[in-house]
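Per chain, numbering begins at 1; letters A, B, ... match sequence-line order. FYI, side chains are in, hydrogens and waters are out, and symmetry mates aren't considered; it's all heavy atoms of this structure.
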Amino acid sequence: MSLKLYNSLTSKKEIFKSISGKKVKTYGCGPTVYNSPHLGNFRTFVFYDLLNRVLKMNGYKTETAVNITDIDDKIIDKVNEQKTTLKEVTSKYELSFMELSSSLKILPNNYNPRATDYVNQMIEFIQTLIDNDLAYEMDGNIFFSIEKYPHYGKFVKINDDLEIEDIDLSKKNRSDFTLWKARKEKDGEIFWKSQWGEGRPGWHTECAVMIKTLFNGQLDIHCGGIDLKFPHHENESAQIEAIQKHNLSNYWLHAEHLNVDNEKMSKSLGNFVDVKKLIKENGSNIVRLFLLSAHYRTKVSFNQKKIDDCKKMINKINRFASNIIKSDEKINLKFSEDHNKFIDALNDDLNTPEALGVFFSFVTKMNKKIAENSFNDSDNIKSFIFLKLFNSIFDIIDLDNLQENEIPKEVQDLLVSRQEARDNKDWKLSDNLRDKLSEMGWIVEDSVDGQNLLKKK
RNA sequence: GGCGUCGUACCCAAGUGGUUUAAGGGAUCGGUUUGCAAAACCGCUAUUCGUCGGUUCGAAUCCGACCGACGCCUCCA
């Protein structure tokens, strides 16, 4: 099955066609670095990573960018509040974003452009818009004029019956948006010089110009959180498509929100979950699985019960994986029907819950064979391939250490003693030794074949 | 007010016209196995998909109304 993606431009699933062969260019709107990103933010960032991984699975060579918004009102507020510098604030939270991304196993992007590194290009770009009569100046601010751009409204139906009630006289049209903001007193030292005076670029222009510079204004896929669809993405594409002949992006993908108690998780509501803390308490694999266990276009509520459920799921996978012997990867890399079902699910608009279902059905099928003692070499290879395939997307199990080959001497000795106790039917000693091993971080289970040792994860 | 998304078992969550008398995970209960425990396996748990109508040979899936939740329209992943 070929890759299908839900395109916000058409509100339909479409077969993905790249602009040039096996190369795909993607851009995702990244964090505004005035604070550490919360779990809701990371739902979106993990979604970008999912897309990247699924594209790779389909043999595409991806060129990805996730920007760092380091010019923004909230950052300026923080700078004033803490009486510090812009760089001081932004570098701190940029680092936090990068560290958390990496601990959640988000594959590195090709670019993480910072708005501050593209201000000259932004000024140039805004001037081009003015020269083409698409933008106008008012009190040192530059606005994009939507009247001059007939295609405005690709994401949202615009109702134009409200202009009478609009008292804001600082711009011509209610929907005109800022390309350049004139310097205000509270901006302090945060400003850039331009032909229109001191000021700074507007958010929509930042993204547009970074895409223009890095990708020549042409993307295969543009992603973002659902809240950015309008007006951010509308404005971003309007200004750039007003002066270039081709689309800014052929596909636009939007991730739904993470809710807490039925409300959007946000910093302003104060209901956000601290990712760092959550990872520390549960491990990054569980957090990753939680974020991937619902489809990216559905609303998800956060609660501890779901995290606990994910923990159990991972335990189940790890237990299964501990039965699998690593195979030579070069032989027999053929996918069977089970593998293909998994791939098909992901190719159907990144349907991770369905893919998980396929994977767990396979696990149960193989566990049954193991229980019945009919699990053979071919099943092992199949399982190993599936684990590898599964991990290439979900990335939540440690495949390099399928078997614990380094068992400490102390643990080995205890196992020997326990076996002796068991041979003597000394159940009390056997149980004591089991408790002792448990305290040391090892789970021992008895089966017909003897003791099985598992390291606690 | 305008635009949009969603409502599936005890909880989570796929499915969006017939292969589904609804995947998968968690939970409960019962069973197999076991000295015990754990794990694993098997079985039970939605004749039903917010409600009411309509279209159709056939609908959870399409259409309409209503109820409920959420989001965007101002910064926001």
Side-chain angles (χ1 to χ4, degrees), chain A residues 8 11 13 28-32 34-35 37-48 66 69 72-74 77 153 155-162 165 168 174-175 177 203 223-232 234 254-259 262-269 272 289-290 293-295 297-301 303 305-317 319-320 322-323 341 345 348 351-372 422 425-428 430-431 434-435 438 443-448 452 454:
Chain A
S8 293
S11 298
K13 276 188 208 170
C29 289
T32 301
Y34 72 102
N35 215 327
H38 58 63
L39 188 61
N41 300 127
F42 267 103
R43 180 181 188 197
T44 302
F45 303 145
V46 167
F47 152 68
Y48 298 166
V66 173
T69 301
D72 174 86
D73 284 331
K74 282 178 182 152
D77 290 345
F155 288 117
V156 153
K157 287 178 197 162
I158 305 293
N159 49 328
D160 46 1
D161 55 338
L162 290 164
E165 295 178 26
D168 186 359
R174 182 174 200 268
S175 297
F177 57 91
W203 179 38
C223 320
I226 187 79
D227 50 352
L228 300 190
K229 193 161 141 185
F230 188 88
H232 182 54
E234 185 75 51
H254 292 102
E256 251 297 349
H257 285 309
L258 183 68
N259 291 170
N262 233 343
E263 265 183 325
K264 171 179 166 180
M265 178 179 289
S266 72
K267 285 167 190 165
S268 46
L269 286 169
F272 60 90
L289 179 59
F290 165 71
S293 61
H295 186 89
R297 280 191 291 113
T298 65
K299 294 176 192 48
V300 164
S301 274
N303 60 54
K305 163 84 166 62
K306 291 189 189 181
I307 296 288
D308 294 342
D309 284 356
C310 287
K311 191 175 272 177
K312 287 170 187 164
M313 286 165 96
I314 291 196
N315 281 341
K316 187 167 182 162
I317 299 169
R319 287 207 177 254
F320 168 67
S322 70
N323 288 301
K341 273 192 209 159
D348 184 12
N351 196 334
T352 47
E354 169 114 32
L356 267 175
V358 172
F359 179 68
F360 272 105
S361 299
F362 177 80
V363 169
T364 300
K365 192 161 88 179
M366 289 300 135
N367 273 337
K368 194 175 176 177
K369 287 195 164 207
I370 291 168
E372 289 169 352
R422 295 182 62 70
K425 296 203 189 297
D426 185 348
W427 306 127
K428 196 165 182 191
S430 167
D431 291 352
R434 181 166 64 195
D435 291 345
S438 174
I443 301 165
V444 64
E445 296 173 353
D446 302 308
S447 73
V448 213
N452 289 331
L454 267 171

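For residues 359-368 of chain A, every residue pair satisfying the side chain to side chain donor-acceptor pair (under 3.5 Å) rule, not counting sequence neighbours, is listed here: A:Asp338-A:Lys365.
Partners of A:Glu263 by side chain to side chain donor-acceptor pair (under 3.5 Å), not counting sequence neighbours: none found. Residues meeting the salt bridge (charged side-chain N to carboxylate O under 4.0 Å, His left out) test with A:Arg434, sequence neighbours left out: A:Asp431, A:Asp446. Checked against ring-ring contact (aromatic ring centres under 6.0 Å, His included), A:His232 has the following partners two or more places apart in sequence or in another chain: A:Trp203, A:His204. Residues passing the salt bridge (charged side-chain N to carboxylate O under 4.0 Å, His left out) test with A:Lys316, sequence neighbours excluded: none. For A:Phe290, the ring-ring contact (aromatic ring centres under 6.0 Å, His included) partners are A:Phe302, not counting sequence neighbours. Remark: A:Ser11 engages no residue in a side chain to side chain donor-acceptor pair (under 3.5 Å) (not counting sequence neighbours). In this structure, the ring-ring contact (aromatic ring centres under 6.0 Å, His included) partners of A:Phe45, at least two apart in sequence or on a different chain, are A:Phe42, A:Tyr48, A:Phe97. A:His254 is linked by a ring-ring contact (aromatic ring centres under 6.0 Å, His included) to A:Phe155, A:His233, counting only residues two or more places apart in sequence or in another chain.
Nucleic acid contact class of A:Ser361 (heavy atoms, under 4.0 Å, all strands): sugar-phosphate only. Residue-level contact check: A:Ala255 touches neither bases nor backbone, having no heavy atom under 4.0 Å from any strand. Using a 4.0 Å heavy-atom cutoff across all strands shown, A:Gly30 reaches sugar-phosphate atoms only and no base atom.
OP1 or OP2 of B:rA23 has not a single side-chain nitrogen or oxygen of A:Lys341 nearer than 4.0 Å. Side-chain N/O atoms of A:Asn259 include none lying less than 4.0 angstrom from OP1 or OP2 on B:rC70. Considering only side-chain N and O atoms, A:Thr364 lies nowhere under 4.0 angstrom from the phosphate OP1 or OP2 of B:rC42.
The heavy-atom pair separating A:Cys310 from A:Leu289 by the smallest distance is O-CD2, 3.6 Å.
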Pairing string, 5' to 3', for RNA chain B - Watson-Crick or wobble contacts under 3.5 Å, brackets [ ] where pairs cross, | to another strand: (((((((..(((.....[.....)))(.((((.......)))).)....(((((..]....))))))))))))....
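Remark: A:Lys341 is not positioned above the aromatic ring of A:Phe362, lacking an NZ or CZ atom under 6.0 angstrom from the ring centre and at most 45 degrees off the axis.
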Please tabulate, one pair per line, each protein N/O and nucleotide N/O from nucleotides 34-38 of chain B that are separated by under 3.5 Å, including the distance.
unit_1: B:rG35; atom_1: O6; unit_2: A:Arg422; atom_2: NH1; d: 2.6
unit_1: B:rG35; atom_1: N1; unit_2: A:Asp431; atom_2: OD1; d: 3.1
unit_1: B:rG35; atom_1: N2; unit_2: A:Asp431; atom_2: OD2; d: 2.9
unit_1: B:rC36; atom_1: O2; unit_2: A:Arg434; atom_2: NH2; d: 2.8
unit_1: B:rC36; atom_1: N3; unit_2: A:Arg434; atom_2: NH1; d: 3.0
unit_1: B:rC36; atom_1: N4; unit_2: A:Asp446; atom_2: OD2; d: 2.8
unit_1: B:rA37; atom_1: N6; unit_2: A:Asp446; atom_2: O; d: 3.0
unit_1: B:rA37; atom_1: N1; unit_2: A:Asp446; atom_2: N; d: 3.1
unit_1: B:rA37; atom_1: N3; unit_2: A:Arg434; atom_2: NH1; d: 3.0
unit_1: B:rA38; atom_1: O2'; unit_2: A:Glu445; atom_2: OE2; d: 3.1

N/O-N/O pairs, protein side and nucleotides 12-21 of chain B side, under 3.5 Å:
unit_1: B:rC12; atom_1: O3'; unit_2: A:Lys306; atom_2: NZ; d: 3.2
unit_1: B:rA13; atom_1: OP1; unit_2: A:Lys306; atom_2: NZ; d: 3.4
unit_1: B:rA14; atom_1: OP1; unit_2: A:His295; atom_2: N; d: 2.7
unit_1: B:rA14; atom_1: OP1; unit_2: A:Thr298; atom_2: OG1; d: 3.4
unit_1: B:rA14; atom_1: O3'; unit_2: A:Asn351; atom_2: ND2; d: 3.0
unit_1: B:rA14; atom_1: O2'; unit_2: A:Glu354; atom_2: OE1; d: 2.9
unit_1: B:rG15; atom_1: OP1; unit_2: A:Asn351; atom_2: ND2; d: 2.8

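If you measure from atom CG of A:Asn323 to atom P of B:rA39, you get 14 Å, rounded to the nearest angstrom.
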